[in-house]
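Read the structure below first, then the notes.
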Amino acid sequence: MQIHFQKEDLYASKMITNQTMSLLAEGDVIVPDIKPDIKNILQTEAVAIVTNREFADGKLSFSGLASVKILYIPEGTTEGPKSIDAKFEFKDVIDLGLTENVEINVKAQAEQVEFSLINSRKLNMKVLVTVTARGYRQRELALLAGVEPDCPLQVRTKPLSVYRVTADTSKELTVTETLEIPGAKPDVDEIIKLSVKALRGECKIMSGKMIAKGTLVVRTLYQCLDPDEGIHIAEHEVPFGEMLEIPGLDDTCMCNVSYAVKDVYYMLKDDANGDPRVISLDVVLRADVVASKIQDVQYIDDCYSLSGRAEIARDTVELDELLCEGISHLNLKEILSVPAGLPAAGSVYSLECRPKVSELLVADEKLIIRGKLSVFVLYASAEGDEAMYSLEGEYDFEHIVPADGADGTAFFECGVTDQNISFSLNAASEIELRCVLEFYTRAVRRQAVEHITGCELTEEEVENEARRGLVIYFAQHGDTLWDIAKHYRTDQHKVMKLNQMDSTQILAGQKILIPRG
């Protein structure tokens with residue numbers, strides 16, 4: 001007799017590749033003819049973006065650009081600092097060892113910038129780029145969840161919580177804005193450096209779509225039109241929101257979005273009065289989107305028959321279980337001292353922070369995140385000269401996130417960004433830094449789930465009358481009521497009623513009457 005089961009459709013994903021490699025994007029930078037010679041480099045920064053990718057025959061080919069911004073002090077002139085932009089290509093092939101074509105998301109991050117000054121008009125740049133390729137296989141399973149009311153089977157169901165990544169992709173969006181220099185600030189002669197940081201905001205999810213929201217923090221370092229005004233900095237916050245098409249999304253999804261600035265285009269324009277106080281700005285962002293959901297189901301993990309022998313077919317499937325996912329924050333307060341050989345700081349033009357996770361540890365069901373916060377400062381001397389100076393600092397940080405059930409077999413993901421930065425100068429000309437780090441963490445564990453795929457009943461001879469009646473059983477350590485009832489092929493609800501039990505809990509040594517027949 002073949003048993004017909006009720007089924008529960010289960011949708012799952014499985015990470016099939018998660019590989020990381022490092023490579024160099026390098027080349028020479030020539031100072032444009034309209035720029036003065038380089039005396040010394042104040043600051044360098046880089047952003048890496050994957051621009052093309054192709055996956056075929058188990059191999060992933062990709063290419064991208066590392067965009068570098070160089071800020072320097074000119075040689076032999078009284079002009080203020082100047083900046084140069086440069087781009088370097090990187091490309092490589094990763095053998096993923098896959099026999100099927102799947103969608104792979106590739107992300108790049110600039111980790112470190114090194115340079116060597118060849119002469120006053122040429123320098124060599126090297127950008128260390130880390131590339132991560134991650135892909136998932138989507139699948140559908142049908143788990144047995146129940147039987148018909150008149151079915152002779154006794155079934156046991158268990159709850160199952162399955163974590164599924166529904167989207168892991170990157171999208172581009174462009175933010176266009178017109179910025180006006182605040183009224184209290186002097187007119188602009190030349191923009192020395194314009195930096196943009198994109199902070200995440202709340203996102204609204206709909207079927208197949210997401211409204212990505214955030215804020216651009218724009219800092220403009222500029223030379224004033226009046227030379228006596230020197231150098232100033234203007235800050236703006238630009239909120240943005242754009243609809244992104246992302247298949248697989250619905251309003252039950254959890255979603256994490258992080259932004260990287262791919263390109264910045266700007267132009268200084270006159271305002272209505274003819275004064276140079278307006279910046280026309282276009283920012284191209286890359287939005288990295290990871291969307292996921294949890295499906296809770298009940299499935300049959302064991303069964304037996306009261307009236308015949310049950311031939312049970314079983315299978316084992318590996319499914320992901322979410323241990324933790326969310327955003328947390330860490331407040332840091334540090335002191336950055338000006339080293340010997342540099343003048344004391346009189347005012348700070350800009351301060352930038354770049355946090356990086358260097359180590360992930362698991363202990364006592366907690367995720368321990370360790371890393372370093374690199375700080376870059378441009379400042380003016382307290383001695384009153386017109387030169388600009390730079391200094392760097394590096395600080396260790398540690399952040400702990402609860403992760404119930406986490407162990408060394410789990411997959412961990414952690415991203416960190418600096419959210420709120422403020423600073424002040426104290427009496428000793430030290431820079432007091434306050435920074436809020438925002439962490440996105442995700443821990444997933446793969447669980448092996450054994451489930452029943454089918455059952456067939458075979459008839460047996462009528463039981464000997466001697467086997468009918470009551471059995472007295474003394475529970476052993478580790479016994480469950482289900483196991484006892486299954487062994488004697490009786491209904492556990494009858495056992496509970498006969499023994500006046502109000503729960504299925506039993507204790508070692510407990511006397512239990514078991515009805516037979």
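Just so it is clear, the values below take in all heavy atoms, side chains as well, and ignore hydrogens, waters and symmetry mates. We number each residue from 1, following the sequence as shown. Since the structure is predicted, the reported quantities are computational estimates derived from the model, not experimental observations.
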Inset, instruction - Using the side chain to side chain contact (heavy atoms under 4.5 Å, CB included) rule, take F240 and L285 through it: C-alpha gap first, then chi angles, then the decisive distance, then the call. - result: CA-CA 11 Å; F240 64 87; L285 298 178; 3.7 Å; yes
Legend entry - Donor-acceptor contact below 3.5 Å, side chain K69 vs main chain S83: no
Legend entry - Rounded distance (nearest 0.5 Å) linking atom SG of C324 with atom CZ of F412: 7.5 Å
Legend entry - Closest approach of E89 to S63 (non-hydrogen atoms, all atoms of both residues): OE2-CB, 4.2 Å
Inset, instruction - Report yes if some heavy atom in the side chain of L322 is under 4.5 Å from a heavy atom in the side chain of D320; otherwise report no. - result: no
Legend entry - D95 side, atom CG; K59 side, atom NZ - distance, nearest 0.5 Å: 5.5 Å
Legend entry - Distance, nearest 0.5 Å, that separates CG of D37 from CZ of R121: 4.5 Å
Legend entry - Heavy-atom neighbours of D296 CG exceed 12 at 6.0 Å: yes
Inset, instruction - Identify the heavy atoms of Q223 and G80 that sit nearest to each other, and give their distance. - result: OE1-CA, 4.0 Å
Inset, instruction - Please step through side chain to side chain donor-acceptor pair (under 3.5 Å) for the pair Q419 and T417, ending with a clear verdict. - result: CA-CA 6 Å; Q419 293 296 302; T417 56; 2.8 Å; yes
Inset, instruction - Work out which heavy atom in Y136 is nearest to a heavy atom in V102; give both atom names and the distance. - result: O-CB, 4.4 Å
Legend entry - F439 versus C414, closest heavy-atom pair with distance: CD2-SG, 4.1 Å
Legend entry - I84 side chain near V31 side chain, heavy-atom distance below 4.5 Å: yes
Inset, instruction - Measure from the side-chain N and O atoms of S13 to the backbone N and O of R164, and report whether any donor-acceptor pair falls under 3.5 Å. - result: no
Inset, instruction - Check the pair D288 / K171 against salt bridge (Lys or Arg N to Asp or Glu O under 4.0 Å), numbers first and verdict last. - result: CA-CA 7 Å; D288 293 321; K171 299 288 184 177; over 6 Å; no
Inset, instruction - Applying ring-ring contact (aromatic ring centres under 6.0 Å, His included) between Y389 and each of Y349, Y379, F376, report the one that passes. - result: Y379
Inset, instruction - Please test R286 against E172 for salt bridge (Lys or Arg N to Asp or Glu O under 4.0 Å), starting from the C-alpha separation and ending with a verdict. - result: CA-CA 5 Å; R286 184 195 68 202; E172 278 194 9; over 6 Å; no
Inset, instruction - Drop me the distance from R434's CZ to L351's CG, to the nearest 0.5 angstrom. - result: 10.5 Å
Legend entry - Side chains of S258 and Y440, donor plus acceptor under 3.5 Å: no
Inset, instruction - Output yes when R446 and E321 qualify as a salt bridge under the 4.0 Å nitrogen-oxygen rule, no when they do not. - result: no
Inset, instruction - State whether the side chain of R445 and the backbone N or O of A406 hold a donor-acceptor pair below 3.5 Å, judged by distance alone. - result: no
Legend entry - Set of residues satisfying salt bridge (Lys or Arg N to Asp or Glu O under 4.0 Å) with respect to E103, sequence neighbours excluded: R53
Inset, instruction - Taking R277 for its side chain and P182 for its backbone only, find out whether a donor-acceptor pair lies under 3.5 Å. - result: yes
Legend entry - Closest heavy-atom pair and its distance - F397, K356: CZ-O, 3.7 Å
Inset, instruction - Spell out, as yes or no, whether a donor-acceptor pair under 3.5 Å connects the side chain of E392 to the backbone of V375. - result: no
Inset, instruction - To the nearest 0.5 angstrom, please state how far the CD1 atom of I400 sits from the CD1 atom of I369. - result: 9.5 Å
Legend entry - S67-K87 side chain donor-acceptor pair, cut-off 3.5 Å: yes
Inset, instruction - Identify the two heavy atoms, one from I335 and one from Y395, that lie closest to each other, and give their separation to 0.1 Å. - result: O-OH, 3.0 Å
Inset, instruction - For T176 and D282, test the side chains for any donor-to-acceptor distance below 3.5 angstrom and give the result as yes or no. - result: yes
Legend entry - Which residues share a salt bridge (Lys or Arg N to Asp or Glu O under 4.0 Å) with E79, sequence neighbours left out: K82
Inset, instruction - Could you verify whether a donor N or O on one side chain and an acceptor N or O on the other, from Q138 and K14, lie under 3.5 Å apart? - result: no
Legend entry - Under-4.0 Å salt bridge between E359 and R370: yes
Legend entry - Verdict with reasoning, K193 to E45, per salt bridge (Lys or Arg N to Asp or Glu O under 4.0 Å): CA-CA 12 Å; K193 177 187 176 185; E45 57 185 75; 3.0 Å; yes
Legend entry - Donor-acceptor contact below 3.5 Å, side chain D271 vs main chain N273: yes
Legend entry - Residues, nucleotides or ligands: over 12 heavy atoms within 6.0 Å of K213 NZ: no
Inset, instruction - Evaluate side chain to side chain donor-acceptor pair (under 3.5 Å) for S280 paired with Y266, printing each intermediate quantity in order. - result: CA-CA 5 Å; S280 176; Y266 61 88; over 6 Å; no
Inset, instruction - List the steps, then state whether side chain to side chain contact (heavy atoms under 4.5 Å, CB included) holds for L10 with Q295. - result: CA-CA 8 Å; L10 179 68; Q295 185 177 357; 3.5 Å; yes
Inset, instruction - For D57, look at atom CG and say whether over 12 heavy atoms of other residues, nucleotides or ligands are found less than 6.0 Å away. - result: no
Can you give the donor-acceptor pairs under 3.5 Å from side chains of residues 198-208 to other protein atoms, not counting sequence neighbours?
from: R200; atom 1: NE; to: E438; atom 2: OE2; distance (Å): 2.6
from: R200; atom 1: NH1; to: N256; atom 2: OD1; distance (Å): 2.5
from: R200; atom 1: NH1; to: V257; atom 2: O; distance (Å): 3.1
from: R200; atom 1: NH2; to: E438; atom 2: OE2; distance (Å): 3.4

Inset, instruction - Determine, stepwise, if the pair K209 / E245 fulfils side chain to side chain contact (heavy atoms under 4.5 Å, CB included). - result: CA-CA 5 Å; K209 297 180 176 64; E245 299 277 348; 3.2 Å; yes
Legend entry - Ion pair check, K333 and E432, cut-off under 4.0 Å: no
Legend entry - Salt-bridge criterion met for E114 and K126 (N-O under 4.0 Å): no
Inset, instruction - Mind checking the CD1-CD1 spacing from I279 to I191? Nearest 0.5 Å is all I need. - result: 4.0 Å
Legend entry - Greater than 12 external heavy atoms within 6.0 Å of E75's CD: yes
Inset, instruction - Flag the pair E242 / I211 as yes when at least one side-chain heavy-atom distance between them is below 4.5 Å, and no otherwise. - result: no
Inset, instruction - For residues F88 and L24, determine if any side-chain heavy atom of one lies less than 4.5 Å from a side-chain heavy atom of the other. - result: no
Legend entry - T17 side chain to G135 backbone, donor-acceptor under 3.5 Å: no
Legend entry - D168/R134 salt bridge by N-O under 4.0 Å criterion: yes
Inset, instruction - Using modelled atom types only, decide if a donor and an acceptor are shared between the side chain of K197 and the backbone of L216 within a distance under 3.5 Å. - result: no
Inset, instruction - Go through the steps for K107 and V50 under the test side chain to side chain contact (heavy atoms under 4.5 Å, CB included), then give the verdict. - result: CA-CA 6 Å; K107 303 175 185 177; V50 173; 5.9 Å; no
Legend entry - Test item: D364 side-chain N/O and K366 main-chain N/O as donor-acceptor pair under 3.5 Å: no
Legend entry - Any donor-acceptor N or O pair under 3.5 Å, side chains S337, E430: yes
Inset, instruction - Report yes if some heavy atom in the side chain of L128 is under 4.5 Å from a heavy atom in the side chain of S22; otherwise report no. - result: yes
